[in-house]
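Some notes on the structure that comes next.
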Amino acid sequence: MNDYLKRVYEDVKRRDANEPEFLQAVEEVFESLSEYVDKHPELEANAIMERITEPERSIEFRVTWVDDNNITHVNRGYRIQFNSAIGPYKGGLRLHPSVNKSIIKFLGFEQIFKNSLTGLAMGGGKGGSDFDPKGKSDSEIMRFCQNFMLELNRHIGENVDVPAGDIGVGAREIGYLFGAYKKYRNSYDAGVLTGKGLEYGGSLARKEATGFGLCYFVNKMLDKMAKDSFKDKKVIISGSGNVALYACKKVYELGGTVLAMSDSNGYVYSSKGIKFDLIRELKEDKRARISEYAKLDKDATYFEGSKGIWNNPCDIALPCATQNEIDLDIAKTLVANGVKAVGEGANMPCTLPATNFFIESKILYAPAKAANAGGVMVSGLEMAQNASRLAWSFEEVDNYLHKQMEAICDKVFNIAKDYDDPFNSVKGANIAGFEKVAKAMIAQGII
Ligand code: NDP
């Protein structure tokens, strides 16, 4: 890190000392921007690093809801509106007991650069709550979403801030949130949320976008850097939610085999391959635990504990569950077992030492902010369809996604090469994402 970055980072560390995930995300970005910042003194003159690490607005609120037994619960809601230099704030809502300000800030910070990489006009934001949707009835989920939106509605809008899904927020929750927004505001602002159902303004291929986009990126990376592809590759995917499921589907379409998938309790393994239709039905339709899968597929075995999934040898690892699931020890195991490529479907699934180890070991590495940008990219297309009151076909959206994910991959690795560090995709992604935002901030003055 150069002196300017070091000074700003020390200041962020002092101010946000109790936000480890946020500090981790800032450190990763700063480390990779050092040479770029050296060449651009206008960044310091305009206090860009000080400004980009401080959210434009940070909202924390109480969410009160009543469960099916008439007991009242209080949760904490968040919306971090991080940066609007290139467009309205845009980023998902996460419902998980682990949610706190540090996690929402790291996600919002990453989102700034990811959204910039998509080439669309979207700023960075993120939100959520420490509400645990697991084990709740439909009507409890609905009441929570309505009460969450009771506060959130006054802070968002089609041209202000456009939330979407993330962990624990899928089509069902977006529906309840949209219904509540419409009621409170008496206005049908279709573009205020993305990830909507197809009946009321959702986009075809949004559900598939993050997982498909991840595989398009990784396939392009394999081709560009090693003249290789997913064909005949053994793949391990962590998680079995939205991102993991559609990554699984695309791996098969590209000729690979998915050996294992997980949830937060454990994982299933089958040398013959996890069956996509079966796992999709279990997880998406029935909201079952992954252990149920092994009861229905005689070739599969269930193992308790989710981290063990990475002890199994594979050619390609796609972490698609949550942050910091791959630490240095796991990274070493993967490399010792011959992994050729790692593609991050989840946000920040690798710790900083794990990321650096993959890059130093010359493993092809697809960093989250580039590799999982397909979700927000198609959210951007959903906003465009809502604004024009048109609906595009699945093929139109998917072709756009495919082409743009390949373009992002090219950009990331070309920049890495320009900086004489051809395997350092983290540097490529951070510089590519940062440059446009910084220029826009400078053009808009010190504000
Ligand atoms: P889902 O809620 O649909 O699925 C999350 C999956 O990860 C579940 O299988 C869940 O298991 C598992 N999981 C969650 N926490 C843990 C944990 N601590 N340990 C092990 N497994 C865990 O979320 P998504 O698929 O939407 O999101 C997954 C990741 O992808 C997140 O990092 C998210 O930020 C990122 N992402 C999502 C995008 C999207 O479009 N949805 C876009 C870009 C990034 P369990 O059911 O047991 O909790």
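- With salt bridges taken as basic N to acidic carboxylate O contacts below 4.0 Å, none links Glu54 and Arg51.
- Once rounded to the nearest 0.5 Å, the distance linking OG of Ser306 with CH2 of Trp310 reads 10.0 Å.
- One distance of note links OG of Ser129 with CG of Leu93; it measures 10.0 Å at 0.5 Å rounding.
- Between Arg79 and Glu60 there is no salt bridge, since none of the side-chain N atoms of the basic residue sits less than 4.0 Å from a carboxylate O of the acidic one.
- Between Thr118 and Gln404, the side chains place no donor N or O within less than 3.5 Å of an acceptor N or O (distance only, hydrogens not considered).
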task: Before giving the answer on ring pair (Phe, Tyr, Trp, His ring centres under 6.0 Å), spell out for Phe109 and Phe22 the whole-Å C-alpha distance, their side-chain angles and the decisive distance to 0.1 Å.
output: CA-CA 8 Å; Phe109 183 68; Phe22 175 57; 5.8 Å; yes
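- With 3.5 Å as the limit, one finds a donor-acceptor pair spanning the side chains of Asn372 and Lys114.
- Listed here is the closest heavy atom pair of Arg206 and Ser379: NE-OG, 2.9 Å.
- Shortest non-hydrogen contact noted between Ser203 and Val378 is OG-CG1, 4.0 Å.
- Side-chain atoms of Lys307 and Ser238 include no donor-acceptor pair closer than 3.5 Å.
- Aromatic ring centres of Tyr200 and Phe178 lie closer together than 6.0 Å.
- A side-chain N or O of Glu396 and one of Ser393 form a donor-acceptor pair less than 3.5 Å apart.
- Between Lys233 and Asp228 there is a salt bridge, since at least one side-chain N of the basic residue sits less than 4.0 Å from a carboxylate O of the acidic one.
- Looking only at atom types and distance, the side chain of Asn312 has no donor-acceptor partner in the side chain of Lys234 under 3.5 Å away.
- Of all the heavy atoms in Leu193 and Ile174, the pair that sits closest is CD1-O, 4.1 Å.
- To the nearest 0.5 angstrom, Lys250 atom NZ is 13.5 Å from Leu318 atom CG.
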Tell me which donor-acceptor pairs under 3.5 Å the side chains of residues 438-447 have, and how far apart each pair is, sequence neighbours excluded?
residue: Gln444; atom: NE2; partner: Ala85; partner atom: O; Å: 2.8

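- Between the side chains of Glu284 and Tyr246, at least one donor-acceptor pair of N or O atoms lies under 3.5 Å.
- A salt bridge links Lys283 to Asp263: at least one charged side-chain nitrogen sits closer than 4.0 Å to a carboxylate oxygen.
- With rounding to the nearest 0.5 angstrom, the CG atom of Asp166 is 7.5 Å from the CD1 atom of Ile104.
- Judged purely by distance below 3.5 Å, without hydrogens or angles, the side chains of Asp161 and Gln81 pair a donor atom with an acceptor atom.
- Side-chain N/O atoms of Glu31 and Tyr9 include no donor and acceptor closer than 3.5 Å.
- Residues satisfying the side-chain hydrogen bond (donor to acceptor under 3.5 Å, both in side chains) test with Ser425, not counting sequence neighbours, are none.
- The shortest heavy-atom contact between Asp16 and Leu23 is O-CD1, 3.7 Å.
- The pair Lys105-Glu19 meets the salt-bridge criterion, since a charged nitrogen lies less than 4.0 angstrom from a carboxylate oxygen.
- Taking the six-membered ring for Trp and thresholds of 30 and 60 degrees, Phe394 and Phe212 have ring planes more than 60 degrees apart, a perpendicular arrangement.
- A salt bridge is defined here as a Lys NZ or Arg NE, NH1 or NH2 lying under 4.0 Å from an Asp or Glu carboxylate O, and Glu10 with Lys13 meets this definition.
- One finds a salt bridge joining Asp315 and Lys340 here, because a Lys/Arg side-chain nitrogen approaches an Asp/Glu carboxylate oxygen to under 4.0 Å.
- Between Phe217 and Ala370, the shortest heavy-atom contact is CE1-CB, 3.7 Å.
- One finds a salt bridge joining Glu28 and Lys369 here, because a Lys/Arg side-chain nitrogen approaches an Asp/Glu carboxylate oxygen to under 4.0 Å.
- More than 12 non-hydrogen atoms from other residues, nucleotides or ligands lie less than 6.0 angstrom from CZ of Arg280.
- Glu44 and His40 are not linked by any side-chain donor-acceptor pair at a separation below 3.5 angstrom, with hydrogens and angles left out of the test.
- Salt-bridge annotation for Asp11 and Arg7: absent, with no side-chain N of the basic residue lying under 4.0 Å from a carboxylate O of the acidic one.
- From Leu328, atom CG reaches atom OG1 of Thr333 across 9.5 Å, with rounding to the nearest 0.5 Å.
- For the residue pair Gln111/Asn115, the side-chain donor-acceptor check at 3.5 Å is satisfied.
- At a cut-off of 3.5 Å, with distance as the only test, a side-chain donor of Lys196 or Asn386 sits close to an acceptor on the other residue.
- Between Phe423 and Tyr365, the distance from one ring center to the other does not fall under 6.0 angstrom.
- Centroid-to-centroid, the aromatic rings of Phe131 and Phe144 come within less than 6.0 Å.
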